[in-house]
Peer 1: 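The structure under discussion is supplied below as structure tokens; questions concerning it will follow.
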Amino acid sequence: YEEALIFERGRDGACGVDLPEPEGVTPRLNGMARKGAIGLPGLSEPEVMRHFVRLSQKNYSIDAGFYPLGSCTMKHNPRLNEKMARLPGFADVHPLQPQSTVPGALELMSELGRWLMELTGMPAVAMSPKAGAHGELCGLMAIRAALEARGEADTRTRVLVPESAHGTNPATAAACGFSVDAIPATEDGRVDLAAFEAKLGEDVAGIMLTNPNTCGLFERDIRKIADAVHDAGGYFYCDGANFNAIVGRVKPGDLGVDAMHINLHKTFSTPHGGGGPGAGPVVLSDALAPFAPLPYVVKEGDKLRLIEDEAASDADPFGRMVAFHGQMGMFVRALSYMMSHGSDGLRQVAEDAVLNANYVLASLKDVMSASFEGPCMHEALFDDRFLKGTGVETLDFAKAMIDEGYHPMTVYFPLVVHGAMLIEPTETESKSTLDVFIGCMRELTRAAKAGETERFTNAPELTPRRRLDETAAARKPILRWTPPAPAQAAE
Amino acid sequence: YEEALIFERGRDGACGVDLPEPEGVTPRLNGMARKGAIGLPGLSEPEVMRHFVRLSQKNYSIDAGFYPLGSCTMKHNPRLNEKMARLPGFADVHPLQPQSTVPGALELMSELGRWLMELTGMPAVAMSPKAGAHGELCGLMAIRAALEARGEADTRTRVLVPESAHGTNPATAAACGFSVDAIPATEDGRVDLAAFEAKLGEDVAGIMLTNPNTCGLFERDIRKIADAVHDAGGYFYCDGANFNAIVGRVKPGDLGVDAMHINLHKTFSTPHGGGGPGAGPVVLSDALAPFAPLPYVVKEGDKLRLIEDEAASDADPFGRMVAFHGQMGMFVRALSYMMSHGSDGLRQVAEDAVLNANYVLASLKDVMSASFEGPCMHEALFDDRFLKGTGVETLDFAKAMIDEGYHPMTVYFPLVVHGAMLIEPTETESKSTLDVFIGCMRELTRAAKAGETERFTNAPELTPRRRLDETAAARKPILRWTPPAPAQAAE
Amino acid sequence: MRYLPLTADDRQQMLGVIGAKSIDDLFVDVPEAARIDHAFDLPPHQGELEVERALSAMAAKNVSAGTVPFFVGAGAYKHHVPATVDHLIQRSEFLTSYTPYQPEISQGTLQYLFEFQTQVALLTGMEVANASMYDGSTACSEAVQMAHRVTRRTKAVLSGNLHPHYRAVIETNSRFAGDAVVALEANVTGTEDLAAQIDGETSCVVVQYPDFFGNIQDLSAIAAAAHEQGALLIVAIPEIVSMGALRAPGEMGADIVVAEGQSIGNPLNFGGPYVGLFATRQKYVRQMPGRLAGETVDVDGRRGYVLTLSTREQHIRREKATSNICTNSGLCCLAFTIHLSLLGEQGFTRLAALNHESACKLAGDLEQVAGVDVLTQAFFNEFTIRTPKPAVEVIDALAEKGVLGGVPASRLMPGNEAVRDLIIVAATEVNTDADRAAYKAALAEVLS
Amino acid sequence: MRYLPLTADDRQQMLGVIGAKSIDDLFVDVPEAARIDHAFDLPPHQGELEVERALSAMAAKNVSAGTVPFFVGAGAYKHHVPATVDHLIQRSEFLTSYTPYQPEISQGTLQYLFEFQTQVALLTGMEVANASMYDGSTACSEAVQMAHRVTRRTKAVLSGNLHPHYRAVIETNSRFAGDAVVALEANVTGTEDLAAQIDGETSCVVVQYPDFFGNIQDLSAIAAAAHEQGALLIVAIPEIVSMGALRAPGEMGADIVVAEGQSIGNPLNFGGPYVGLFATRQKYVRQMPGRLAGETVDVDGRRGYVLTLSTREQHIRREKATSNICTNSGLCCLAFTIHLSLLGEQGFTRLAALNHESACKLAGDLEQVAGVDVLTQAFFNEFTIRTPKPAVEVIDALAEKGVLGGVPASRLMPGNEAVRDLIIVAATEVNTDADRAAYKAALAEVLS
């Protein structure tokens, strides 16, 4: 069925809420009252309910199927966490209430911070960044602030970023006023240590490195890299997007990291929500801790206090990243998840995530082309060599997976291999789900090699929409509904 | 996709809850401890979540589409009601807590009772029946108790029930020890008054009448019927399943009714839930009120008290129908719905329900065969005359609707017309939904008449399953999963 | 009016199509005297905020179980329900769907009912189960009616330790159906001689397991005694969690097992909605009340589920139906099925062990209070104590102190002087050491 | 470990397939020194019941807005959110879906984003809007960066009555990006001379509407002044409900409008997650930050939606992207879209009227308290009062009395002596007559 836009469905006089009639006090709007109509459609509650239920039914979701989506860590989202986040004591609390009325909220922030610091082995955490990329910005600002304190902010302006990095890394560095210098990868999918060392110099502010990296591999030379960048006077920013692979088994603090953001919506299972909201707290080393942004929670005796301004701060905060205190709703969910797993469970998370990925790698590498030898960490990278000459591209292969009931894996990322297919099963998929998935992938591989090209190039066929014309969308963008021209409307 | 049974998915060692290890106190089970395994499957939480989400996706629902299901009143289920029913003060309260700890629960019951009595114009209400049929039983028991009190229980054993009645009516009468005598209908779809009067006599306990009746028509002679049955020494039980058509416009108490159940899941929108739970409070006339079953709430000064046993009762309760006090969870939802509509809104409910039904009737009667002239009340009855000679049966027509995105209307009920199709839109469908539906019905009618028979006999084709073999299911019933034979399991 | 999509314009247009002048034209069949034109003595429509405030204020007057040390049972039990359960049952496709009469678009409901039936059969140790009854008490009464059909006899013999409400429901139904009921006196130690009551007229014997006072007894002997006279044994289980620790009635010769399923997946709800479980032997299936989901295939040969054996039911058989039940407890079964799926073998048996342990600890604590006797020797998660004061007074005094300490037996057996000082006390996995300590301390104070 | 499906058996089998002896074999690339074998200083796993108890205990320590007379605003507002909203956003298909990069199986998300963009454009009176930013403050900062790109200038001029946190975010970002910021002093009556600060270097002027103290001003003049110098006018709206009562910035010449969308559909959440609205003129669309959903057709010619113009974004353009934003506020947009769909024109404008009325009544009440001056002449649902004592003391004393009476301006402008006695007070549709009376009475007591 088709579902029209709400603007095409609504009509005057219908309304999905009942509000009391205003009593009619004298307004104090000083002539600034709105004159014309806004143009919002009127719909009753049942219509709104059905509209959005029907829209939802056009979506794929982790609750309904497997997302082998590399680098995105689409794991199970426990509903306990949703319930906890909706406790009125968390959800119905204003960020600017007197601090005396929110001790439990501060306790929650402090407790989550404690878990993050312990798990990462880092001495400080900045809670306010609103997503992973925002956390990156926080980390780079802390680095820049540290350089300022050293008087080197104007000279150290270059940030080294591996080719395989997420796009947010270079974008963040640029937003923070740095120039970006790409580091090539070696044959085995890791940072080219020699090339990296050759790029070090007095203008280097630091390196941004994802570990495990976006090829799903642990950077074996991580300590060397950390030491080298430190020796060169720079800082080590670690992109924590892949922390899921090592949580409970490796402390980034032991690897020489100066700053690392943690995507609560990846490792700690807050739901992706079709694109957000996330949360990106950043753990910081002793070198960067003094520059952590406002606000932050401190312990004063047995009380917690939120430091909101520089005057009240004993440290040297680099500024403020958001209006209030961060993604409280996500903090609650993440802490609920952490407490549920505990120290032992979180370690098991990493182990099972890595085990699942290696199982997929081992079970597919004879038919698909694995980009690197195993073991991998939490994700397995393939490239399109196995499709050579079949007329099937990585994209077609991905779209064919949709008709088999899967969300495609991440494709064309990382950029370091051709036609990349990055598979991350996560720890919350069962062996039987993986077995069926492996069977399906082997069958698709067979079909591609057998010349059943149309099964791929026509895919998907079983979806609410088939392939959409993205070029047309971008060429002449239609970004909103507009009312039909009056002539038509008058019909 | 296929979804296996949980029993086929589970395995030893997996578990979807974390419970602490028992400490190991000495058990006091006296040798009655379970020995063997129960045979329940083990699954993790993500697996359970996905299993039931996927199952749900195989269901049709009112939130996703229109149910023109006559006699069932599938209307919008507001989520406010769900939220209210989950308030801990209602949901987390035990029926046997001291009454001093549940004044709000008694207030809710009392308040709902007040609404029901005022809307029906009846002086008493029995809250405990758990569904409509259970309410019928309550009403008939009250009648029988009244007859007992008059010393006529052994002689008045016959209950008159129109042919068009819901199956629950005769089944209930039988369960209450009455014999059932069917009253024929007239050409115009109503009780045959002459036939009815002819059946009255000293052995008649009463009549069970649905009004508006199951043909969607108001029994014009209702007062005459009531008077006649009363004059003959019997009682008038009204099946309130169709109260939605008249709520706020007609008080059953004004029609001479002695007892009427109210399906809270129809008129007052508590969700059908795939078959329940419902709730069936019964309003009672002065003649029957003293016999209302235990428990019930009385006002003592400004306090409410729950009368749970005969000794505490000033009246003459006929007994007890359920262990506790009724469907509290449904009471909360229904009261929330009533308060939201208010006196004015409930009247509008009836008006819009009737308007919608007549609109459908008026818009389809030129192509389908309306069983009776309008106006109808809240539902429009068609029969299969218009399909004569097309090779399409009522059932086929209904199944073809599924492929068009609709739940079928009620078919083959009431029994008084051939191949009945009973359409009840309810008040919560918009004109535009009805217009699209009418268009679809007209198109199907055209197709049937044009000889496109396979479109009907093969339908549905776009569903998770096509037509199922009900005969085979009944011939050799498989009512549960059984483990595969050991030989197979050992493979 | 947020739930009503029709606008004034819509209504005018529609009346035009119908050919009516006003809405009143559509109500012409209503006798003029019965048409209401005035407002009812009820308030007008209100917004969400106002309704929510009013209902929340009512709810806030009640003491909810989760906020106090809580030991109330006697047929309904406070357990922890995982968040997943309540989330899933609120999915539109479950919550707002109709009875699965159209199987092609109801496979979700039908499959979970099939899973539910299997779970119930496994827990009770029986061969088949139906797709639910209203609650344990009505299921029990339906079992008696079914036994009458199976045996073509009409006398039921009830244990004195059957839940008094269950007994009352059976007696009420039987009285109107013209059937006989013999019920024994309550016996707190569970030593009644039920077998002596069974004769050649007896259709069934109804026992509770664990019984009303918490006693656990081997049912094999009473099953044998019933069978010897051609009667059926009906076993009622008010606390289904007990099946994770105790021998199943099916292993001991039960013919029909009914249970209250509230404990798994469903909140206390002040008594409802709950879910009645109903299981029996394969050979009696056509005499069963209630809906049944069965496995079959579709025209393409794919496995699927339908409602089956509906020729037992009222919508087909009318006055000859095995029961008048129509709406059952669909969504409550779903909650049950989901919760039990989460628990699985390991979780369910551990839950039972924790419940038993909680009760054992509590019994140990209360035994130490001067003047208190624990009367139940073998029990699952519920037992009976005798106090030196009338139980109602004790329970009310405990409530004043913020402890909900159980159910006075006299509340359910009014007029029975023998039970005046008895309190039925339940303990579950939700009770903490602090809860138990609070109970013990409060009880000592109340009795001092 | 309820969330982990692998059993010990599974793990063994899988290691076998991989050809590894133990899980440690898979971590060989981790430097030995960094492998943790000991337990962390954290508790072990816990069941739902235990986690729920611990977190509920924390939550219970906070005073939640719904339980007291509540008048706190200054950038986040307490409104009633219909139950439908929270129900719908929890549907698996919305809650647990990924960013809609695969449009064929994401039409639900893409269509609501398209609807959201349209709603935001309509409310602000602008031509286009994006699919959300993190919140109002970051959206405002992104707007400044965008203005720099559009104008190829790097100096922003900020009104002194811009929310101090918004200003701080802009200043922080600008400092690291090497851009200039000129910010005026706060001015409680809203009579600053902003136009005088605009020169040929100025890329944008940022004003708040209504401003931080609640003042409403016509923006046409400042728009004209900005445009005259080739600068853009950025308007920040912290309370989007105001758009139901006030002229839209788009009608007054705004070039970029950003807003905090929390008020519609989203709870207070102690500050997050919220949803930033971002709207601009069509001609600037390629300089916009953030995701955009656009209309197109599929290979069968059917209308559908995709993410578009992604060559602005970081995952394509990397260091040349218009923003580093990736995850946005998807689910919060959905809540916004649903709530606004329920409201519609009639509900939204009435909601705004009720908010204004609530604030007018409150201002009238507080004016009567001895020593209190209402300083804001024209306002929407928020205004500023001056008290004869330092505002922090007054607010703390009110909190002691159970009234949350607003935000001391000094909390957000520490060190500014001029605002020491000012309280920013917000009133919305949730405030009752009783709430206002309680505030008035408590304030009188505190000041007496």
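As a basis for the values below, the full set of heavy atoms in this structure was taken, side chains included, without hydrogen atoms, waters or symmetry mates. It should be emphasised that the depicted structure is a prediction, and the values quoted were computed from it without experimental measurement. Below, chains carry the letters A, B, ... as their sequence lines are ordered, and counting in each starts from 1.
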Peer 1: Measure C:Phe270 against the heavy atoms of chain B and call it side chain, backbone, both or neither at under 4.5 Å.
Peer 2: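 Both parts, backbone and side chain.
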
Peer 1: At a 4.5 Å cut-off on heavy atoms, which part of C:Pro43 comes close to chain B: side chain, backbone, both, or neither?
Peer 2: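 Contact with chain B: backbone and side chain both.
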
Peer 1: Please identify, among B:Glu45, B:Gln57, B:Glu136, the residue contributing the most non-hydrogen atom pairs under 4.5 Å to chain C.
Peer 2: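 The residue among B:Glu45, B:Gln57, B:Glu136 with the greatest pair count is B:Glu45.
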
Peer 1: Sort out for me which of C:Ala57, C:Ser106, C:Ala74 touches chain B most, counting heavy-atom pairs under 4.5 Å.
Peer 2: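 The candidate making the most pairs under 4.5 Å is C:Ser106.
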
Peer 1: Quick one, C:Arg291 and C:Gln117 - any side-chain contact, counting heavy atoms below 4.5 Å?
Peer 2: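 SC-SC contact between C:Arg291 and C:Gln117 ruled out.
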
Peer 1: Using heavy-atom distances under 4.5 Å, tell me whether C:Ala34 contacts chain B through its side chain, its backbone, both, or neither.
Peer 2: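 For C:Ala34, backbone and side chain are both near chain B.
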
Peer 1: Tell me which of these, B:Val17, B:Leu19, B:Asn30, B:Val250, has more heavy-atom pairs under 4.5 Å with chain C than the rest.
Peer 2: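 Of B:Val17, B:Leu19, B:Asn30, B:Val250, B:Leu19 has the most heavy-atom pairs under 4.5 Å with chain C.
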
Peer 1: Please determine, among B:His272, B:His134, B:Glu118, B:Met339, the option with the most heavy-atom pairs under 4.5 Å with chain C.
Peer 2: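 Option with the greatest count: B:Glu118.
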
Peer 1: Please classify the contact between C:Gln217 and chain B as side chain, backbone, both or neither, with a heavy-atom cut-off of under 4.5 Å.
Peer 2: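 The backbone, not the side chain.
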
Peer 1: Using a 3.5 Å distance criterion without hydrogens, assess whether the side chain of C:Arg91 forms a donor-acceptor pair with backbone atoms of B:Ser56.
Peer 2: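 The answer is no, because no donor-acceptor pair under 3.5 Å joins these two groups.
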
Peer 1: Does the side chain to side chain donor-acceptor pair (under 3.5 Å) test come out yes or no for B:Thr463 and C:Glu104, once each step is laid out?
Peer 2: CA-CA 6 Å; B:Thr463 46; C:Glu104 300 90 345; over 6 Å; no

Peer 1: Under 3.5 Å, is there a donor-acceptor pair between the side chain of B:His265 and the main chain of B:Pro277?
Peer 2: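 The answer is no, because no donor-acceptor pair under 3.5 Å joins these two groups.
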
Peer 1: Using a cut-off of under 4.5 Å for heavy-atom pairs, which of C:Gln377, C:Gln46, C:Glu357 has the most such pairs with chain B?
Peer 2: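 Heavy-atom pairs under 4.5 Å are most numerous for C:Glu357.
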
Peer 1: Let me know if C:Leu88 has heavy atoms under 4.5 Å from chain B in its side chain, its backbone, both or neither.
Peer 2: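 Side chain only.
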
Peer 1: Partners of B:Asp254 by salt bridge (Lys or Arg N to Asp or Glu O under 4.0 Å), sequence neighbours excluded?
Peer 2: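 Per chain and number, B:Asp254 pairs via salt bridge (Lys or Arg N to Asp or Glu O under 4.0 Å) with no residue.
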
Peer 1: Any idea which of B:Met74, B:His76, B:Glu427 has the most non-hydrogen atom pairs under 4.5 angstrom with chain C?
Peer 2: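 Top count of heavy-atom pairs under 4.5 Å with chain C: B:Met74.
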
Peer 1: At a 4.5 Å cut-off on heavy atoms, which part of C:Leu343 comes close to chain B: side chain, backbone, both, or neither?
Peer 2: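 Both parts, backbone and side chain.
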
Peer 1: Under a 4.5 Å cutoff for heavy-atom pairs, which residue among C:Gln346, C:Arg411, C:His315 has the most contacts with chain B?
Peer 2: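 Ranked by contacts with chain B, first place is C:Arg411.
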
Peer 1: Could you tell me which of C:Val285, C:Ile395, C:Val169, C:Thr99 has the largest number of non-hydrogen atom pairs under 4.5 Å with chain B?
Peer 2: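 Maximum pair count with chain B is reached by C:Val169.
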
Peer 1: Chain B heavy atoms under 4.5 Å from C:Phe348: which part of the residue, side chain, backbone, both or neither?
Peer 2: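 Contact with chain B: side chain only.
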
Peer 1: Check whether C:Leu340 gets within reach of chain B through its side chain, its backbone, both or neither, counting any heavy atom under 4.5 Å.
Peer 2: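 C:Leu340 touches chain B through side-chain heavy atoms alone.
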
Peer 1: Among C:Val72, C:Val306, C:Thr308, who wins on heavy-atom pairs under 4.5 Å with chain B?
Peer 2: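 Maximum pair count with chain B is reached by C:Val72.
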
Peer 1: Under 4.5 Å between any side-chain heavy atoms of C:Asn62 and B:Asp92, yes or no?
Peer 2: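 Heavy-atom side-chain distance check fails, nothing below 4.5 Å.
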
Peer 1: Would you check if C:Ile18 and B:Leu355 make a side-chain contact, meaning some heavy-atom pair closer than 4.5 Å?
Peer 2: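 Yes. Closest side-chain heavy atoms under 4.5 Å.
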
Peer 1: Measure C:Asp10 against the heavy atoms of chain B and call it side chain, backbone, both or neither at under 4.5 Å.
Peer 2: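 For C:Asp10, backbone and side chain are both near chain B.
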
Peer 1: Salt bridge between B:Glu3 and B:Lys58, side-chain N to carboxylate O under 4.0 Å?
Peer 2: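 No, this pair does not count.
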
Peer 1: For residues C:Phe27 and B:Met377, determine if any side-chain heavy atom of one lies less than 4.5 Å from a side-chain heavy atom of the other.
Peer 2: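 The answer is yes; the side chains approach within 4.5 Å.
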
Peer 1: Do C:Tyr134 and B:Gln327 touch side chain to side chain, with heavy atoms closer than 4.5 Å?
Peer 2: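 A side-chain contact under 4.5 Å is absent here.
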
Peer 1: Can you tell if the side chain of B:Leu137 reaches within under 4.5 Å of the side chain of C:Phe176, non-hydrogen atoms only?
Peer 2: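 Result no, sub-4.5 Å side-chain heavy-atom pair not found.
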
Peer 1: Under a 4.5 Å heavy-atom cutoff, which of C:Gly294, C:Ser329, C:Pro100 has the most pairs with chain B?
Peer 2: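 Ranked by contacts with chain B, first place is C:Ser329.
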
Peer 1: Taking only Lys NZ, Arg NE, NH1 and NH2, and the carboxylate oxygens of Asp or Glu, determine whether C:Arg175 and C:Glu171 approach each other closer than 4.0 Å.
Peer 2: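 C:Glu171 and C:Arg175: not salt-bridged.
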
Peer 1: Given heavy-atom pairs under 4.5 angstrom as the criterion, report whether the side chain, backbone, both or neither of C:Asp41 touches chain B.
Peer 2: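 Both parts, heavy atoms under 4.5 Å.
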
Peer 1: More than 12 heavy atoms of other residues, nucleotides or ligands under 6.0 Å from CG of C:Asp25: yes or no?
Peer 2: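 Correct, the count exceeds 12.
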
Peer 1: Using heavy-atom distances under 4.5 Å, tell me whether C:Ala293 contacts chain B through its side chain, its backbone, both, or neither.
Peer 2: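 Just the backbone, heavy atoms under 4.5 Å.
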
Peer 1: Pick one of side chain, backbone, both or neither for C:Ile338, based on which atoms fall under 4.5 Å of a heavy atom in chain B.
Peer 2: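 Both parts, backbone and side chain.
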
Peer 1: Counting only non-hydrogen atoms closer than 4.5 Å, does C:Lys320 touch chain B with its backbone (N, CA, C, O), its side chain (CB onward), both, or neither?
Peer 2: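 For C:Lys320, there is no contact with chain B at all, as no heavy atom is under 4.5 Å.
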
Peer 1: Chain B heavy atoms under 4.5 Å from C:Arg2: which part of the residue, side chain, backbone, both or neither?
Peer 2: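 Answer is side chain: those atoms of C:Arg2 sit under 4.5 Å from chain B.
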
Peer 1: When you compare the side chain of B:His407 with that of B:Ile62, does any pair of heavy atoms fall below 4.5 Å?
Peer 2: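 In short, these two side chains do not touch, never coming nearer than 4.5 Å.
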
Peer 1: Under a 4.5 Å heavy-atom cutoff, which of B:Thr428, B:Val354, B:Asp352, B:Val332 has the most pairs with chain C?
Peer 2: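 Highest number of pairs under 4.5 Å: B:Asp352.
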
